[in-house]
> 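One structure, pasted below without further comment.
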Amino acid sequence: MKLADLTSVARVEEALRGADYLPDEGLAAAVFLALQMRRPLLLEGEAGVGKTQLAKTLAETLGSELIRLQCYEGIDSQQALYEWNYPRQLLALRAMDATGADVVEDVYGPEYLSERPLLKALRRGQDAVLLIDELDRADDQFEAFLLELLSDFTISIPELGTISAAAPPVVVITSNRTRELHDALKRRCLFHWIAYPDPEREVEIIRRNAPEISEPLAQAVAAAIARLRGLGLTKKPGPAEAIDWSRSVALLGEDRLTEEVAEQTLGWVVKNEDDLDLARARLGDVVGG
Ligand SMILES: Nc1ncnc2c1ncn2[C@@H]1O[C@H](COP(=O)(O)OP(=O)(O)OP(=O)(O)O)[C@@H](O)[C@H]1O
Ligand SMILES: [Mg+2]
């Protein structure tokens with residue numbers, strides 16, 4: 001499927017589902033509009049609700065290269081754009097020295113440049129899906145730099161000149177909301193909040209990701225996960241945990257989520273001591289036994 005084939009919301013929905021991604025209400029429309037308007041899609045939502053996966057599935061669907069920039073505390077524009085390959089430059093200079101070449105080759109040419117994700121995405125243009133993952137982990141300064149880049153898809157490398165994208169890549173930005181992103185950046189993006197799936201969609205997500213899981217087991221796990229989310233845990237389980245939980249139950253040779261099996265496998269779902277105490281105390285209700 002090409003970008004030009006995604007001519008309606010229904011087509012986007014069909015394409016995502018065809019690649020085993022089950023979009024929530026409104027996500028297919030958001031993807032469609034972001035693609036049509038060539039603007040970044042900003043996805044927020046709790047852990048494990050499928051933010052990163054959406055970008056991966058979109059790249060797969062479009063047959064595009066996925067270029068991922070994983071953000072972290074302290075990331076700077078150099079690490080995100082390009083770096084000069086110093087060892088290679090040094091080797092070239094040594095070689096010139098040794099051969100006594102009288103023409104000095106320019107070691108600030110394109111072949112000595114190490115592309116980092118943003119430069120790569122700029123060069124690939126619309127044949128790439130650029131995933132800027134977990135932008136909330138980066139600091140304000142990096143966000144400001146990114147805002148500028150996303151505005152005109154142009155960068156200037158002092159030794160080489162200006163590089164512009166012929167057509168902007170498809171851009172997906174994710175945030176876990178450990179901090180609020182700036183309004184200026186948000187203004188450039190189409191925003192979509194991915195909520196936890198309802199039990200019905202969660203069952204389908206489990207079965208698409210783990211086809212070996214029976215329908216009744218997937219239903220039992222989805223229902224238990226929904227109840228766990230209602231307990232007031234500090235860290236609620238997402239669909240990713242629902243998938244792992246189902247798999248671990250099946251690996252124990254069980255096809256039912258009994259209280260005993262839930263107890264044995266709870267470490268796939270609840271990953272914090274206080275939450276574990278709370279979940280254990282209510283396990284009977286949670287599995288609905
Ligand atoms: N809507 C969905 N359709 C199909 N699979 C899904 C869906 N949502 C989540 N998943 C499954 O859950 C896994 C985790 O999703 P993903 O890594 O995209 O979550 P995330 O929102 O990026 O979480 P985090 O904030 O922790 O990075 C995916 O690899 C995928 O297998
Ligand atoms: Mg993610």
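Because the structure is a prediction, the values reported are computed rather than measured. Counting from 1, the numbers follow the sequence of the chain as shown. Whatever order the structure lists ligands and atoms in, that order sets their numbers, starting from 1.
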> What pairs of residues pass the side-chain hydrogen bond (donor to acceptor under 3.5 Å, both in side chains) test when at least one of them lies in residues 215-228, not counting sequence neighbours?
Arg207-Glu215, Glu215-Gln219
> In plain terms, say whether Glu180 and Lys186 are close enough for a salt bridge, that is, a side-chain N and a carboxylate O under 4.0 Å apart.
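Between Lys186 and Glu180 there is a salt bridge, with a charged N closer than 4.0 Å to a carboxylate O.
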> Can the positive tip of Arg116 be found less than 6.0 Å from the middle of the six-membered ring of Tyr82, inside 45° of the ring normal?
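Ring-cation test returns no.
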> Answer yes or no as to whether an N/O/S atom of Thr174 is found below 2.8 Å from the Mg ion (ligand 2).
no
> Hey, does the Lys NZ or Arg CZ of Arg229 hover above the aromatic six-ring of Tyr196, less than 6.0 Å from the centre and inside 45° of the axis?
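Here Arg229 passes the 6.0 Å and 45° test against Tyr196.
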> Find out if a path of hydrophobic residues (ILVMFWY) with successive side-chain heavy-atom gaps under 4.5 Å connects Leu69 to Leu150.
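Same cluster: Leu69 reaches Leu150 through Ile, Leu, Val, Met, Phe, Trp or Tyr contacts under 4.5 Å.
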> Identify all pairs of nitrogen or oxygen atoms, one from ligand 1 and one from the protein, separated by less than 3.5 Å, and list them with distances.
residue, atom, partner, partner atom, Å
ligand 1, 1 (N), Leu22, O, 2.8
ligand 1, 3 (N), Leu22, N, 3.0
ligand 1, 5 (N), Asn209, ND2, 3.1
ligand 1, 8 (N), Val49, O, 3.3
ligand 1, 18 (O), Lys51, N, 3.4
ligand 1, 18 (O), Thr52, N, 3.2
ligand 1, 18 (O), Gln53, N, 2.7
ligand 1, 19 (O), Gly50, N, 3.2
ligand 1, 21 (O), Val49, N, 3.2
ligand 1, 21 (O), Gly50, N, 3.1
ligand 1, 21 (O), Lys51, N, 2.9
ligand 1, 21 (O), Lys51, NZ, 2.8
ligand 1, 22 (O), Thr52, N, 3.0
ligand 1, 22 (O), Thr52, OG1, 2.8
ligand 1, 23 (O), Gly48, N, 2.7
ligand 1, 25 (O), Lys51, NZ, 2.8
ligand 1, 25 (O), Asn176, OD1, 3.2
ligand 1, 25 (O), Asn176, ND2, 2.8
ligand 1, 27 (O), Glu134, OE2, 3.3
ligand 1, 29 (O), Gln53, OE1, 3.1
ligand 1, 31 (O), Asn209, OD1, 2.6

> Look at Arg17 together with Glu13 and state whether they make a salt bridge at an N to O cut-off of under 4.0 Å.
yes
